[in-house]
2 protein chains.
Amino acid sequence: MRVSELVERSGTPLPTIKYYLREGLLMPGLSRGATRAEYGEEHVRRLRLIRALGEVAGLPVARIKLVLELIDGGGDLFGVLGAAVAALAPGAPAPEDAARRDYPRARAALEAIGQVYDPGYPAVAGLERALAAVDDAGIPMTPERLAVYAEHIMAIARFDLGAMPGDRARAVEYAVLGTALYEPVLAAMRQLAHQDIASKLLSG
Amino acid sequence: MRVSELVERSGTPLPTIKYYLREGLLMPGLSRGATRAEYGEEHVRRLRLIRALGEVAGLPVARIKLVLELIDGGGDLFGVLGAAVAALAPGAPAPEDAARRDYPRARAALEAIGQVYDPGYPAVAGLERALAAVDDAGIPMTPERLAVYAEHIMAIARFDLGAMPGDRARAVEYAVLGTALYEPVLAAMRQLAHQDIASKLLSG
């Protein structure tokens, strides 16, 4: 298809497509002369993916590029999965975390629930920050809450990985998109579950 | 305590405290003459709360003010809980949602799992947007995934509400903080659960 059709099919404006081509987020079309190029379904799909990572996962262009490079690139599956999910992690470690690099709350929580983890993984720093915040706010994590959350989050994660495609490139894409794009789904579902339960509690 | 001690105890710089006082986020101290005021534990606690809502929940000052007004204000518990949690919802409905105001995906999902919901609640628009994004990205919600997610999110939400304090003011504060501040905890736990399961799957 020509670029005009790509604009229409993807809903992405032409200047944005040109910007993505320049930045290397979108692979070039097949050249059909000096001013024409031919685009395919993979371009439509890639543009949707960029939009999803930007609008829903809220990633800046530089992080989107990093994730796309991991999807397109080589490397062993576990390493690539880890790096890709790490690139999605909300924010780098805060300065005080970087100074400590210890993450006592996250370590204690992960040991309590018996999980294998890489201490350098950004989600460990993220968990530490989030646990420090609930401490500060006066609603600290308790062993009971941790056990309940861990049980059900594990069940959700087990489903996620059980549904992972066997094909390597598709597996990485699935892991990255699934982690990034299902997070807002789960957050909205939790708020709606709160509403459902509260309405039943308070009316009863 | 004097303002200098409040700075030290809360870790909030003096210009920021003055800004919060001016904007009405922090209640004034007890006046001790023209240039002195006395602050208490409630000020330390409020400053931690503001920081948690800003840094962890990522709310801008105007939204933080709204949440604090709901915590401090009157109104029936269910209404206040709903309004407070709504104020936390990530972003207002997108323009195309506002035009449709229909949310077919969210409605179908909530009906499938049999939940009571208020169609005007921002989390419904949020769920619609998130479900549209996973559709676009080629990893659509399936009935099987929805059933698994709903079961476990409901169990988490049931724990959350079971632990809600009986006292009204504390209940609202708990609901607002719990929704906002435990979301990053759960997101980090899900990423770490993915890592735990992937490491076991790929090494086995």
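Per chain, numbering begins at 1; letters A, B, ... match sequence-line order.
In plain terms, the two heavy atoms of Y182(B) and I139(A) that are nearest each other are OH-O, 2.8 Å. Nearest approach of A157(B) to H194(A), heavy atoms of both residues: CB-CD2, 3.5 Å. Summarising the geometry of A130(A) relative to V185(B), their closest heavy-atom pair is CB-CG2, 3.5 Å, with the distance given to 0.1 Å. Across every non-hydrogen atom of R190(B) and G178(A), the tightest pair is NH2-O, 3.1 Å. Closest of all the heavy-atom pairs between A155(B) and V148(A) is O-CG1, 4.4 Å. Considering all non-hydrogen atoms of both residues, A188(B) and A123(A) come closest at CB-O, 3.8 Å.
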Full working for side chain to side chain contact (heavy atoms under 4.5 Å, CB included) between V116(A) and Q195(B): CA-CA 8 Å; V116(A) 173; Q195(B) 189 179 50; over 6 Å; no

query: Should M154(B) and D196(A) be marked as a side chain to side chain contact (heavy atoms under 4.5 Å, CB included) after you check the CA-CA gap, both sets of side-chain angles, and the distance that decides it?
result: CA-CA 9 Å; M154(B) 260 291 170; D196(A) 177 70; 3.0 Å; yes

message: Apply side chain to side chain contact (heavy atoms under 4.5 Å, CB included) to residues H152(A) and I153(B) and explain how you reach the verdict.
response: CA-CA 7 Å; H152(A) 294 289; I153(B) 287 292; over 6 Å; no

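Residue A150(A) touches chain B through both its backbone and its side chain, counting heavy-atom pairs closer than 4.5 Å. Contact annotation for L192(A): both backbone and side-chain heavy atoms come within less than 4.5 Å of a heavy atom of chain B.
Counted within 6.0 Å of CD on E38(A), heavy atoms from surrounding residues, nucleotides or ligands total more than 12; the atom is thus considered enclosed.
Between the CD1 atom in I156(B) and the CZ atom in R145(A) there is a gap of 10.5 Å [rounded to 0.5 Å].
Looking at heavy atoms from C-beta onward, L127(A) lies out of side-chain contact with Q191(B) at the 4.5 angstrom threshold.
With respect to chain B, the highest number of heavy-atom pairs below 4.5 Å among L110(A), L49(A), T142(A), V134(A) belongs to V134(A). The greatest number of non-hydrogen atom pairs below 4.5 Å with chain B, out of E144(A), R45(A), R158(A), is found for E144(A).
Ring-plane geometry between F159(B) and Y149(A) is classed as perpendicular, the angle between the planes exceeding 60 degrees on a 0 to 90 degree scale with a lower cut at 30.
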